[in-house]
Enquirer: 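Below you will find the structure I want to go over with you.
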Amino acid sequence: VTVEKLEVIRRFPRERGQLLTILHELQRANEGNYLTGEDLRLVADYLGLPLSAVHDAVTFYSLFSLKHRGKHIIRLCDSPPCHLAGAWSLLSALQEELGIGVGQTTEDGLFTLELTSCLGVCGVAPAMMIDDEVYGNLTPERLREILEGYREGS
Amino acid sequence: MNIARAHVLVGVDEEARLAGVERVLSALRRALEEAGLADEVQVVETGTLGISGRGVVLVVYPEGVYYAGVTPEDVPEIVTEHLLKGRPVERLRLAAGWPQLEPRHILGRQVRVVLRNCGIIDPEDIEEYIAAGGYEALGKALTGLSPEGVLEEVKRAKLRGRGGAGFPTGVKWEAVRRAPGDEKYVVCNADEGEPGTFKDRLILEGDPHKLIEGMALAAYAVGAKKGYVYIRGEYALSISRMQRAISQARQYGLLGDDILGSGFSFQLEVLPGAGAYVCGEETSLLESAEGKRGWPRIRPAFPASRGLWEKPTVVNNVETLANVPEIVRQGAAWYRGLGTPTCPGTKVYTILGNVRYPGLVEVEMGIPLRALVYELGGGVPEGRALKGVLVGGAAGAFLSPQDLDARLDFDSMRELAAALGSGAVLVMDDTTCLVDMLASVLRFFRHESCGQCTPCRAGTDVLVRLVEQVRRGEGDERTLKLMLETAEVMNLASLCPLGQSVALPTASALSRFRTEFEAHLAGAPCPRCQEGGR
């Protein structure tokens, strides 16, 4: 695994400015949508940075996680336009349906629930993202259908 | 090359993707093949058509018939009825009030400079951009204008930064040009995160080469050889379109070494963000581009003297840079003929919320808010009344119907203690509760405060607690006063515009909609706050 990871890392120039780009690639390659301690060390070595500098950056950004996350990450938009369109009722519907709170992962390891700022698809508010897919015009019913689709697909 | 007798333009953006545009496209290609029309009818995947909330939208030219909410099941009917027999499918046509390009690309009140090609060309094909006059400005500059000449043109055009602050672009560029040193950078701020704003995403998705050309012109003017487009990590489609466009431009010799044999070299690269609203602030963005946490820097020094890697750096918003090719191509005098004397040109807005026709529009600077809400947005749906408009996103101001005659440009908005900001226009009808909306805005800021400076880190939390008190009917006049004071302290003492701008929504909501706050304090029941309070 380490060799494979090094191959991923070595595709990028040895410049500190590449840090976020490399971290995205490593996180994508990991099962569990997160960065391991080893990932951080490998990147730190490659870019010639102290481990603390990499850790410092990783913990700042909401798209990165150091905790094992679910197979699918649900990011519900909680910005004013979605709020105006009723996102607040979706959050409770999601929490109820999944049986978890924000930042938690379901017991079957399928979903992690997170909140996100504006996804820029306000025309179909309220909206959420699951992994790289955007879903809009959400209602509690549609929400359940979408989740069902992911459950069947897994 | 075949000359097609008809074109079907399909808007492919994030919204269309979620409505299943891929399936519509493959159904369309299959149906054309089956009907023997594959050579006669050309399918063009274009950027946004500016229409929001209506699913897959496509236009059939030369008639210019718009279809909305198209599903794969509808496609055979469009092909056999319209494309084969020439009879438009009435049940799928987009209603008349929506902005629809006429055959000569006239779009009612809209004036399209930045969005000239959006929804018309295929953004993944550089030749279509070139055929529409693209890279003409770069060619003109590199063969006939000095870097100073390009700089002068932008200064004379009085172009101002479209990211929200309205700072004169030419002045920024001149500072970078004059700064000592050989190593300089041009950075495009495409970290669009202002709630309700998606104009930059649609420019990136709809016409990426325009941005590349604008950045190359900027680099030529200031003497930079390297540029970065910093795009929000969540904008997957924008990132891939931009990367593709960059590699095409390289193949055509429009990026890279010795562009068009002029001796000018410019390398461009995409950097993805990783989910932090504060990185839309330029110094945070630079920190992030250097691979650090996106904490704003203390200013001065400004990026023009010490930016990326401490080198002189131009940081411009996507829309700002997308204006540059047309300014160079058509000249500053032409550009100043648009908009107002102090704010020439156009502005791209996203209209959303409780309006009939949400979407993306581009109009001249200085049009009244009323025109945007009623003429372009179609007003609030029937049976509802307008309560207010949040202009400029979360970092903007809540305006009331009394402000509808205010003009939309940087200076007029400032006079009103409001801001044009990113151009997000969120329309709210009479079912909206302003206490609830302000609470949503304040929660947003609490979540996105980066935590570096105390006024913002603590202030956003204090404000959320106070507004929640008001929502529950606890507290009194002093609670409102404390909210205003907290916001003002943040405005004065925060390190960056994130903390400073919280005062705008807070003060505007409390002054224009004060009675609503007082009613909550007096215990009047509010269904929105009871349901949504958390």
Enquirer: In terms of heavy-atom pairs under 4.5 Å with chain A, which of B:Arg293, B:Glu192, B:Met437, B:Glu287 leads?
Expert: B:Arg293
Enquirer: So what's closer than 4.5 Å to chain B heavy atoms on A:Thr59: side chain, backbone, both or neither?
Expert: both
Enquirer: Check whether any side-chain heavy atom of A:Tyr61 lies under 4.5 Å from a side-chain heavy atom of B:Ser288, and answer yes or no.
Expert: yes
Enquirer: Please identify, among B:Pro358, B:Pro272, B:Ser52, B:Gly451, the residue contributing the most non-hydrogen atom pairs under 4.5 Å to chain A.
Expert: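 Highest number of pairs under 4.5 Å: B:Pro272.
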Enquirer: Please name the pair of heavy atoms, one in B:Trp309 and one in A:Arg16, separated by the smallest distance, quoted to 0.1 Å.
Expert: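 Closest approach of B:Trp309 to A:Arg16, heavy atoms only: CH2-CB, 3.8 Å.
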Enquirer: Checking heavy atoms, do the side chain of B:Phe445, its backbone, both or neither come under 4.5 Å from chain A?
Expert: neither
Enquirer: Heavy-atom distances under 4.5 Å only: say whether B:Cys433 touches chain A with side chain, backbone, both or neither.
Expert: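 Neither the backbone nor the side chain of B:Cys433 comes within 4.5 Å of chain A.
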Enquirer: So which heavy atom on B:Phe444 is nearest to which on A:Ser117, and how close?
Expert: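 In terms of heavy atoms, the two residues are closest at CE1-CB, 3.5 Å.
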Enquirer: Any idea which heavy atoms bring B:Lys292 and A:Ala57 closest together, and the distance?
Expert: C-CB, 4.1 Å
Enquirer: Quick check on the interface: out of B:Glu448, B:Lys199, B:Arg232, who has the most heavy-atom pairs with chain A under 4.5 Å?
Expert: B:Arg232
Enquirer: So what's closer than 4.5 Å to chain A heavy atoms on B:Val278: side chain, backbone, both or neither?
Expert: side chain
Enquirer: How about B:His447 and A:Asp78: does a side-chain donor come under 3.5 Å of a side-chain acceptor?
Expert: no
Enquirer: For B:Arg54, is it the side chain, the backbone, both or neither that has a heavy atom under 4.5 Å from a heavy atom of chain A?
Expert: neither
Enquirer: Let me see the working for B:Asn354 and A:Leu84 under side-chain contact (heavy atoms from CB on, under 4.5 Å), right down to the final yes or no.
Expert: CA-CA 9 Å; B:Asn354 307 128; A:Leu84 183 69; 4.0 Å; yes
Enquirer: Heavy-atom cut-off 4.5 Å, strictly under: side chain, backbone, both or neither for B:Thr431 against chain A?
Expert: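 Neither part.
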Enquirer: Mind listing the closest non-hydrogen atom pair of B:Ala274 and A:Leu20 along with its distance?
Expert: CB-CD1, 4.4 Å
Enquirer: Any idea which heavy atoms bring A:Gly120 and B:Tyr235 closest together, and the distance?
Expert: CA-OH, 4.0 Å
Enquirer: Would B:Glu14 and A:Leu119 satisfy side-chain contact (heavy atoms from CB on, under 4.5 Å), going step by step from the backbone distance to the final call?
Expert: CA-CA 10 Å; B:Glu14 198 63 55; A:Leu119 294 169; over 6 Å; no
Enquirer: Could you give me the CA-CA distance, side-chain angles and deciding distance for B:Arg201 and A:Val121, then say whether side-chain contact (heavy atoms from CB on, under 4.5 Å) is met?
Expert: CA-CA 10 Å; B:Arg201 174 169 66 77; A:Val121 289; 3.7 Å; yes
Enquirer: Pair A:Leu63, B:Glu234 - check side-chain contact (heavy atoms from CB on, under 4.5 Å), show working.
Expert: CA-CA 8 Å; A:Leu63 295 185; B:Glu234 292 90 338; 4.1 Å; yes
Enquirer: Write down the atom of A:Cys118, the atom of B:Gly193, and the distance for their closest heavy-atom approach.
Expert: CB-O, 4.0 Å
